[in-house]
Amino acid sequence: MALHKVVSHDNQNQFYTHQEEDEHGDDEQTDEAVHLRTNYLKDEDVEEKQRARGSENVLEGGEKESLLCMLPAFCTRGKETKPKKCPGLGLFYAFVATVFFSIISLLVKTIEGLHAIEISAIRCFFQMLFVMPLLVYHKTGFLGPRDKRIYLVLRGFFGSNAMILLYYAVQQMPLADATVIMFSNPVFTSLLAWVFLKERCTIWDCVFTVFTLTGVILIARPPFLFGEHLSGIEGDYTNHVKGTVAAFGGAIGAAFTFVTLRKMGKSVHYYLSVWYYAVIGLVECIITTSVLGEWNLPFCGRDRWILMLIAVLGIAGQTFLTKALQIEKAGPVSLMRTVDVVLSFFFQFVFFHRVPTWWSLGGALCVVLSTSGVALRKWFISSRKSTERNEEVCVH
């Protein structure tokens, strides 16, 4: 291994300038300068060869990459390497959340002697207890960003009212009918997003809306269309109408909630959103029950445990649903939520021994088809946009 003197460009230029000025230098200095110059040129040749080899490797890699970029599915240019995720994990989370929400509706139906508003208040209270340490752990604060507080308040107001109306509908009408009407909220979300967020509204959104309203009418079965003698209704028809109106209002409230969350974006931590939901819901429920005089202590034993279980399942369901939306597209998650309708019919038949009428099944089919259509359409649009972006990245 030969060791050579390293001469910088500045020093080397000075050296050769000095050499040109001093033409009568001694021979030893001249021989040393020639030797250093020769070694320097050799080093430059070696570096140029190494750079040439490196550029060839890059060129070969670029050619391979361009060949792969001809297929968008294999294009890796501009993408970050991410660890592989368990396939279907997001759908599994969505399924677990759906089961939890279905069980909550079943438990609300089994509680007797408590108004839906009081059940909502107890759930909000326990939800506050669970969320408070999470806010402290994540250091998010209890108020949130100043410019997002109005949206947090609206989210809490619409979300808590949707919960109260759903519980009231479950108490006043068959479990499956209330669930189906409440499940129609994705259709109304598209319409409200068109009004308030200026999102595009197509003819398909209008078709899905008509299907949803048809399903609600088939479930409500107003007397001026279906006559005075109706079968498959719990109690009298007045309670059925109250439940229908409450479920429909709950669907609208849920749609407003989703629009508010979309407007708020991802800049606010999820637990802070749940915190506002619980606080505003609790305050609203306490005021309403005090005005109506409906505040009663739950019965000892089973009912109190059921109320605590409702709160725990509510938090768990929201957590699993959020995790599902973080790792899976909204379209497949919405499709998985249709299991809620199937479970409601199953629970109604097994626990309450009520066979659904053909009108209820027809209404459920209309609502499920419309909401599934909305989910599939959004899934298709988002997949197409992601494919187009990948192709643009590959081209550039």
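Counting from 1, the numbers follow the sequence of the chain as shown. Because the structure is predicted, anything quoted here is derived from the model rather than measured.
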State whether the number of non-hydrogen atoms from other residues, nucleotides or ligands found under 6.0 Å of Y151 atom OH is greater than 12. no
Where do [X] and [Y] come nearest, in terms of heavy atoms and distance?
X    : Y    : value
L129 : P133 : O-CD, 3.1 Å
G215 : V367 : CA-CG2, 4.1 Å
L135 : F142 : CD1-CD2, 3.7 Å
C285 : A121 : CB-CB, 3.4 Å
A251 : S184 : CB-OG, 3.7 Å
L343 : S102 : CD1-OG, 3.6 Å

Point-to-point distance, once rounded to the nearest 0.5 Å, from [atom1] of [X] to [atom2] of [Y]:
X    : Y    : atom1 : atom2 : answer
T140 : L272 : OG1   : CG    : 5.0 Å
C206 : L191 : SG    : CG    : 7.0 Å
R354 : F345 : CZ    : CZ    : 12.0 Å
E284 : M163 : CD    : CE    : 8.5 Å
C124 : I117 : SG    : CD1   : 11.5 Å
L261 : L152 : CG    : CG    : 9.0 Å

With the side chain counted from C-beta on, respond yes when [X] and [Y] share a heavy-atom pair under 4.5 Å apart, and no when they do not.
X    : Y    : value
K109 : F351 : no
T202 : D205 : yes
Y167 : R123 : yes
Y93  : T319 : no
L154 : K263 : no
W275 : M128 : yes
W305 : L309 : no
L114 : D303 : no

Give every residue pair that meets the ring-ring contact (aromatic ring centres under 6.0 Å, His included) criterion with at least one member in residues 168-203, sequence neighbours excluded. H115-Y168, F188-F248, F196-F256
For residues Q348 and D177, is any side-chain donor paired with an opposing acceptor at under 3.5 Å?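 Result is no, nothing qualifies.
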Test item: side-chain donor near acceptor, T189 and R262, under 3.5 Å: no
Identify whether [X] and [Y] are in the same connected component of the hydrophobic contact network (ILVMFWY, side-chain heavy atoms under 4.5 Å).
X    : Y    : answer
L376 : F208 : no
I181 : F211 : no
V374 : M182 : no
V187 : V210 : no
V350 : V170 : yes

Can you list the steps and then say if I280 with V153 is a side-chain contact (heavy atoms from CB on, under 4.5 Å)? CA-CA 8 Å; I280 295 178; V153 172; 3.9 Å; yes
Take I310 and I111 through the test side-chain contact (heavy atoms from CB on, under 4.5 Å) and record every step on the way to the result. CA-CA 11 Å; I310 289 174; I111 295 179; 3.9 Å; yes
Connected to L369, directly or through other members, by ILVMFWY side-chain contacts below 4.5 Å are L365
Check whether [X] reaches the backbone of [Y] with its side chain - one donor and one acceptor, N or O, closer than 3.5 Å.
X    : Y    : answer
H269 : G144 : no
N161 : F158 : no
Q172 : A178 : no
T110 : L107 : yes
Y276 : L143 : yes

Show your reasoning for whether side-chain contact (heavy atoms from CB on, under 4.5 Å) applies to S360 and V180. CA-CA 9 Å; S360 296; V180 169; over 6 Å; no
Show your reasoning for whether side-chain contact (heavy atoms from CB on, under 4.5 Å) applies to L282 and Q127. CA-CA 10 Å; L282 179 61; Q127 191 163 305; over 6 Å; no
